[in-house]
Amino acid sequence: MKELAAKYSAAQVEDKWYGWWLEKKFFHSEPDSREPYTIVIPPPNVTGILHMGHVLNNTLNDVLIRKARMDGKNACWVPGTDHASIATESKVVAKLKDMGISKDSLTREQFLEHAWQWKEEHGGIILEQLRKLGCSCDWDRTRFTMEPALSEAVINTFVYFYKKGWIYKGVRMVNWDPEALTAVSDDEVIHRDTQSHFYHLKYYIADSEGRPTDKYLVIATTRPETIMADAAICVNPADERHHWLRGKQVLIPLINRAIPVIEDDYVEMDFGTGCLKVTPAHDVHDYEIGLRHNLPVLDIIDEHGRLNEKARILVGEDRFVARKKIVKMLEEAGNLVKTEAYTSPVGYSERTNAVIEPRLSAQWFLKMESLAATALETVESGRTRFIPEKYMNTYRHWMENARDWCISRQLWWGQRIPAWYLPDGSFVVEANADAALKAAQAINPDIKAEDLRQDEDVLDTWFSSWLWPISVFDPLRPGHPEHKPNADLAYYYPTNDLVTGPDIIFFWVARMIMAGEEFMGREPFSNVYFTGIVRDKLGRKMSKTLGNSPDPLKLIAEYGADAVRIGMLLCSSAGNDIFYDEAQIKQGAAFCNKIWNSYRLVKGFAVGGSQSEVARLAVKWFESKLSQTIAAVEDHYRKFRISDALMAIYKLFWDDYCSTYLEAVKPAFGEPLDADTHAATLSFFDSLLRLIHPVMPFITEELWQDIAERREGESIMFAPTPKAGEVDAALLEDFALAMETVNAVRGVRNQRNIAPKECLNLLVKGSAFPDATIPLVEKMAACKVEKTEAFESAQGVGFMVRTYEMFVSLDGMVNLEEELEKAEKELEHQLKFLAGVRAKLSNERFTAHAPAAVVETERKKEADSLSKIESLQAKIKALKNN
RNA sequence: GGGCGGUUAGCUCAGCUGGUUCAGAGCACCUGCCUUACAAGCAGGGGGUCACUGGUUCGAAUCCAGUACCGCCCACCA
């Protein structure tokens, strides 16, 4: 780099270095004697594209991994993608639909061919995008949850749990998504309060022949379209209002099917009419009542959410259309007593937003009780730590109430359930068809391969991603506890940190802990850092429909990846939602430019001459300041306060290094800088670059390569994190006092519009003012300092810096009236302050109870205040005499 | 309905086990500067009854209780 441009342009720099890092395989990790530091990426959906949430998450991951690498650890960040069963399948279905092909018309094999093709075309785009962001993933280790080895791991796991007796198949009421045509787990259902209606319907009592009488009862329902599936009317046995109904049969309106009146505690007497229609096929609670009372189950809604022929009326109508129509029919038939507006929680599918239909079907479940108990202990014992800690409560609550996990999905894209059915309907569970055949033949020797039929369902995506921290290293291990972990797994597991959103704490985090404990006997990661959700600056969630989600790649193209990374981190204090504002990224870009330009200055220094006192002081001061900040930054990192770490570095660079240090050592125009200071200045710059590198990898590599001769293949990526040295607290104190003085003088200058070049005379009263800092004050404030015991003339501006009275002489430029007024105001304030302190000190209970140190500071306050008052009074007197 | 968390400057947030002259930071804002690294900059400045009400204490932004509002999680009274 010969000439440095006045402005930093990120685009070329970033591509250049990323390409070089890749070429040198700097991101690749193999087990060795160093301490490992491991992160597995939260695998994005294979067909996903980068959004701001990914940017935040992966920036944090990259900061952690780069930091660890510079700390001398063997850093390994395993990237990869998730096959995302429902999401991907629905995308493929949509694409086929565009092509005029319906999924129904395809065989499973044909469909999967399309799906794989789609995956080949669109898969992994997001991984390419992560490179633009600067992520230092070990790309050679890229994994996909549905690649053969990982799929095998999933199947083995299923077989393992089945043989352990923890996986069972059962007919249960599940959450059915009529759009995706699959069951979804409880966690994939979002309940939202929804406006609907409460329909009060008359059910006439039947006589002994089953004919309607003129007596009736009234039930209240939100789902009148399901009345044809009613199996009973239920009342609370304690409800005397309904005792007359005991033993009676009532007739379902419109179809006049007779059903019994039963009694069950479940019914709330004071809700609705106290009469509940029981529809076992279409409501979870009703199903349970049905089981208790042995009621028949009549399923009148098909997989698409339409009424089937068992409904007898409105056959083929969608459930919501049917609802409208049947209300009208009921009204006409005189069964509708009244309609009330009613708001109740309704379950929606997280994926398709379709209203979930409780549906009875055969599904596979994994028992959660033992797994959840173990996983709870992992976190409670602190072996896995949650940051922020508040998520422990949520976690505990869920773990203590975990219900069995519905792991089957009625989809094709995913790992197919390894259960094979015999012609008699029984089944065997084995890892593959051959083993299944053997197992089947053990039951019935006549069975041939073609007699076996594999289960049509696939497994929930999370049933594969919960193995991720294990399977990315050694896919053989899950399901085979006897398999000795391979070298990678033994070395990299458990991983160190996991960065993810709190929205998948149950889906993924909890289950990884379960799998980790089950298959490895220990936690999969030490820390889980939960980020917030990225929102726009109005606080709205980013979404496609709102169009408030910027394209990260455009931002990177415009501002540079470093700027985007900084921008995201600046607004992301741990555990809070992130309010994204492009202004933050602009701030990041400004910071890049600041670094760039400071380097132009540093690089441009000519070397020569001897070290000035100011320079010597500044060098010593910055050494301490740097050490102090490094210690603070390390502490922030330990606590995962990444934005605080960044801010500390930001201020160190901008305020301390640029505004203070460089201004202090900067020689007069045309003069050289002495060799010692020059060396120190470069060395500081080098330390600063290393400190910032994890956050801003590109610009730091660019400048680090230029600041000194580097060996072939040497990168800042492996340069050690600067270590904190000694901190000279007294020096920092003195320097701070000096800079406050400078600040005050500059203030005087500013107020009176005195040119920066014009040298002022500064009188400082008090011999204790540190002499060593005087040259600094003189240079930085462009003044001549004189220590004195008393001020003779009042021609100028007086002020206090801490306990020092100071005075800038300004002949003829001062309004004495104003000065007097100011001094009197200050005196008044000081007197009040003193009174407060004295009130405290004269309070015996205070002096008796408060620790000595606290009392001591109060005494100091009193003394300081007294001396200030004395000075002020003298000043006022002088002003008045003038 | 149950649980958890929050309320500090215009905005986003720090403020650890009560006590350094404690009310802070960044951004935004105001004033003055094209000063020979940087106007994506430099120098300076204003701004808050720490949600409200009580309590504990010599002393409360900090601890306790209640109130109001906000957010999140869990939960299908049909």
Asks: Which is true for A/F579 with a 4.0 Å heavy-atom rule: it touches a base, it touches only sugar-phosphate, or it touches nothing?
Replies: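 It contacts sugar-phosphate atoms only.
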
Asks: Please state how far atom CG in A/D187 lies from atom C1' in B/C73, giving the value in whole angstrom units.
Replies: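 Roughly 12 Å, once rounded to whole Å.
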
Asks: On a whole-Å scale, what distance lies between the C1' atoms belonging to B/C33 and B/A60?
Replies: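 Per the computed distance, 45 Å lies between those C1' atoms.
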
Asks: Heavy-atom count around A/Q195 CD within 6.0 Å, excluding the residue itself: above 12?
Replies: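 Yes - once you tally the heavy atoms of other residues, nucleotides and ligands closer than 6.0 Å, there are more than 12.
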
Asks: Is there side-chain contact between A/Q584 and A/M568, with at least one heavy-atom pair below 4.5 Å?
Replies: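 Not in contact.
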
Asks: I'd like to know if A/D706 pairs up with A/K603 as an ion pair, taking the criterion as any Lys NZ or Arg NE/NH1/NH2 lying under 4.0 Å from an Asp or Glu carboxylate oxygen.
Replies: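 Salt bridge between A/D706 and A/K603, a charged N being under 4.0 Å from a carboxylate O: yes.
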
Asks: Nearest whole Å is fine: how far is B/U12 P from A/R641 CZ?
Replies: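 So the CZ-P distance, A/R641 to B/U12, works out to 19 Å.
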
Asks: Any N or O donor-acceptor pair under 3.5 Å from the base of B/C4 to the side chain of A/K390?
Replies: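 Donor-acceptor pair under 3.5 Å: no.
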
Asks: Please determine, by modelled atom types, if A/E702 and A/Y599 share a side-chain donor-acceptor pair under 3.5 angstrom.
Replies: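 Short answer, no.
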
Asks: Taking the side chain of A/S659 as its heavy atoms from C-beta onward, which of B/A43, B/G19, B/C58 lies nearest to it?
Replies: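 Nearest nucleotide to the side chain: B/A43.
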
Asks: So what's B/G1 paired with, Watson-Crick or G-U wobble, going by both distances under 3.5 Å?
Replies: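 For B/G1, the partner nucleotide comes out as B/C74, under the 3.5 Å rule.
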
Asks: If we call it a pair only when both distances are under 3.5 Å in a Watson-Crick or G-U wobble match, what pairs with B/G41?
Replies: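 The answer is B/C33, by the H-bond criterion.
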
Asks: If you take the centroid of each ring, where Trp contributes its six-membered ring, are A/F198 and A/F271 closer together than 6.0 Å?
Replies: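 Yes - the distance between ring centres of A/F271 and A/F198 falls below the 6.0 Å cut-off.
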
Asks: Taking atom types as modelled, is there a side-chain donor on A/S185 or A/E188 under 3.5 Å from an acceptor on the other?
Replies: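 On atom types as modelled, these side chains qualify, holding a pair under 3.5 Å.
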
Asks: Which part of the nucleic acid does A/E663 contact within heavy-atom distance under 4.0 Å: base, sugar-phosphate only, or nothing?
Replies: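 Since a base atom lies under 4.0 Å of A/E663, the category is base.
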
Asks: Let's see if you can work this out: which of B/G41, B/C42, B/C58 has an atom nearest to the side-chain heavy atoms of A/A590?
Replies: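 The nucleotide sitting nearest to the side chain is B/G41.
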
Asks: By nearest atom, which of the nucleotides B/A37, B/U36, B/C58 is closest to the A/A850 side chain?
Replies: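 That would be B/C58.
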
Asks: Return the value, rounded to whole Å, for the distance between atom NE2 of A/H397 and atom P of B/C4.
Replies: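 Rounded to whole Å, this separation is 10 Å.
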
Asks: Have a look at A/K586 and say if it touches a base, only the backbone sugar-phosphate, or nothing, with a 4.0 Å heavy-atom cut-off.
Replies: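 Nothing, no heavy atom under 4.0 Å.
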
Asks: Could you work out the separation of B/C69 and B/A28 based on their P atoms and round it to a whole Å?
Replies: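 The answer is 35 Å between these two P atoms.
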
Asks: A/D581 near the nucleic acid: base, sugar-phosphate alone, or nothing, with a heavy-atom cut-off under 4.0 Å?
Replies: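 Counting heavy atoms under 4.0 Å across all strands, no contact is made by A/D581.
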
Asks: Distance check, P atoms only: B/C29 and B/C11, in whole angstrom units.
Replies: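 To the nearest whole Å, 15 Å.
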
Asks: In whole angstroms, how far is the C1' atom of B/U35 from the CZ atom of A/R749?
Replies: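 Between C1' of B/U35 and CZ of A/R749: 12 Å.
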
Asks: Name the pairing partner of B/C27, where a pair is Watson-Crick or G-U wobble with both distances under 3.5 Å, or state none.
Replies: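 Paired with B/C27, as far as the under-3.5 Å criterion goes, is B/G10.
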
Asks: Tell me the interatomic distance from A/F605, atom CZ, to B/U36, atom C1', rounded to whole angstroms.
Replies: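 Atom CZ in A/F605 sits about 12 Å away from atom C1' in B/U36.
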
Asks: Can you tabulate the close N/O pairs, meaning under 3.5 Å, that link protein atoms to atoms of nucleotides 75-78 of chain B?
Replies:
from, atom 1, to, atom 2, distance (Å)
B/A78, OP2, A/Y342, OH, 2.7
B/A78, N6, A/E268, O, 3.0
B/A78, N6, A/F271, O, 2.7
B/A78, N1, A/E268, N, 3.3

Asks: For A/Y348 and A/T194, does a side-chain donor sit closer than 3.5 Å to a side-chain acceptor?
Replies: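 Their side chains do contain a donor-acceptor pair, which is all the 3.5 Å distance test asks for.
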
Asks: In whole Å, what separates the P atom of B/A14 from that of B/C30?
Replies: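 Each nucleotide's P atom is 27 Å from the other's.
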
Asks: OP1 or OP2 of B/A43 less than 4.0 angstrom from a side-chain nitrogen or oxygen of A/R752, does that happen here?
Replies: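 False: A/R752 side-chain N/O out of range (4.0 Å or more) of B/A43 OP1/OP2.
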
Asks: Which is true for A/H849 with a 4.0 Å heavy-atom rule: it touches a base, it touches only sugar-phosphate, or it touches nothing?
Replies: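 Answer is base: heavy atoms of A/H849 come under 4.0 Å of a base.
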
Asks: Within the 4.0 Å limit for protein heavy atoms, which parts of nucleotides 23-33 of chain B are touched? Write it as a string from 5' to 3', B for base, S for sugar-phosphate only, - for none.
Replies: --SSS----S-

Asks: Identify whether the distance between the nearest side-chain nitrogen and carboxylate oxygen of A/E862 and A/R859 falls below 4.0 Å.
Replies: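 Result for this pair is no, no salt bridge flagged.
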
Asks: How close or far is atom C1' of B/U57 from atom CG of A/N843, stated in whole angstroms?
Replies: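 Rounded to the whole Å, the gap is 11 Å.
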
Asks: Over how many whole Å does the gap from A/I505 atom CD1 to B/C4 atom C1' extend?
Replies: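 The distance from CD1 of A/I505 to C1' of B/C4 comes to 12 Å, rounded to the nearest Å.
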
Asks: Among B/C38, B/C4, B/A40, which nucleotide has an atom closest to any side-chain atom of A/N393?
Replies: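 Shortest atom-to-atom distance from the side chain points to B/C4.
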
Asks: Identify whether any heavy atom of A/N743 sits under 4.0 Å from a base atom; if not, whether one sits that close to sugar-phosphate; answer base, sugar-phosphate or nothing.
Replies: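 It contacts sugar-phosphate atoms only.
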
Asks: Looking only at heavy atoms, what is the nearest atom pair of A/K277 and A/I219, with distance?
Replies: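 That closest heavy-atom pairing would be CD-CD1, 3.9 Å.
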
Asks: Using a distance-only test with no angle check, is there a side-chain donor-acceptor pair under 3.5 angstrom linking A/R600 and A/N597?
Replies: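 Yes - a donor-acceptor pair under 3.5 Å links their side chains.
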
Asks: In whole angstrom, what separates A/M399's CE from B/C73's P?
Replies: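 After rounding, the reported distance stands at 17 Å.
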
Asks: Both distances under 3.5 Å, Watson-Crick or G-U wobble: report the partner of B/A61, or none.
Replies: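 Result: none.
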
Asks: Would you confirm whether the ring centroid of A/Y391 sits within less than 6.0 angstrom of the ring centroid of A/F530?
Replies: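 Distance test on ring centres: under 6.0 Å, yes.
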
Asks: Does atom CD of A/E844 have more than 12 heavy-atom neighbours, drawn from other residues, nucleotides or ligands, at distances under 6.0 Å?
Replies: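 Atom CD in A/E844 is not packed in, count stays at 12 or less.
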
Asks: Need one value for A/S598: base, sugar-phosphate or nothing, where a base atom within 4.0 Å counts as base even if backbone is also close, heavy atoms only.
Replies: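 Base contact - A/S598 has a heavy atom under 4.0 Å of at least one base atom.
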
Asks: Which value, in whole Å, describes the distance between the C1' atoms of nucleotides B/G47 and B/C27?
Replies: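 My reading of the C1' atoms in B/G47 and B/C27 gives 14 Å.
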
Asks: Report which part of the nucleic acid A/P502 touches: base, sugar-phosphate, or nothing (heavy-atom distance under 4.0 Å, all strands).
Replies: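 The answer is nothing, as A/P502 stays clear of every strand by at least 4.0 Å.
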
Asks: Please name the nucleotide paired to B/C50 by Watson-Crick or G-U wobble geometry with both distances under 3.5 Å, or report none.
Replies: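 Across all strands, not a single nucleotide pairs with B/C50.
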
Asks: Take atom P in B/G71 and the same atom in B/C13, then report the distance between them in whole Å.
Replies: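 To the nearest whole Å, 14 Å.
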
Asks: Between B/C38 and B/C16, how far is it from one C1' atom to the other, in whole Å?
Replies: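 It comes out at 38 Å once rounded to the nearest Å.
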
Asks: Describe, in one word, how the ring planes of A/F653 and A/F591 are oriented to each other, choosing from parallel (under 30°), tilted (30 to 60°) and perpendicular (over 60°).
Replies: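 Perpendicular.
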
Asks: How far does the C1' atom of B/U53 sit from the matching atom of B/U12, given to the nearest Å?
Replies: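 These two C1' atoms come out 29 Å apart once rounded.
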
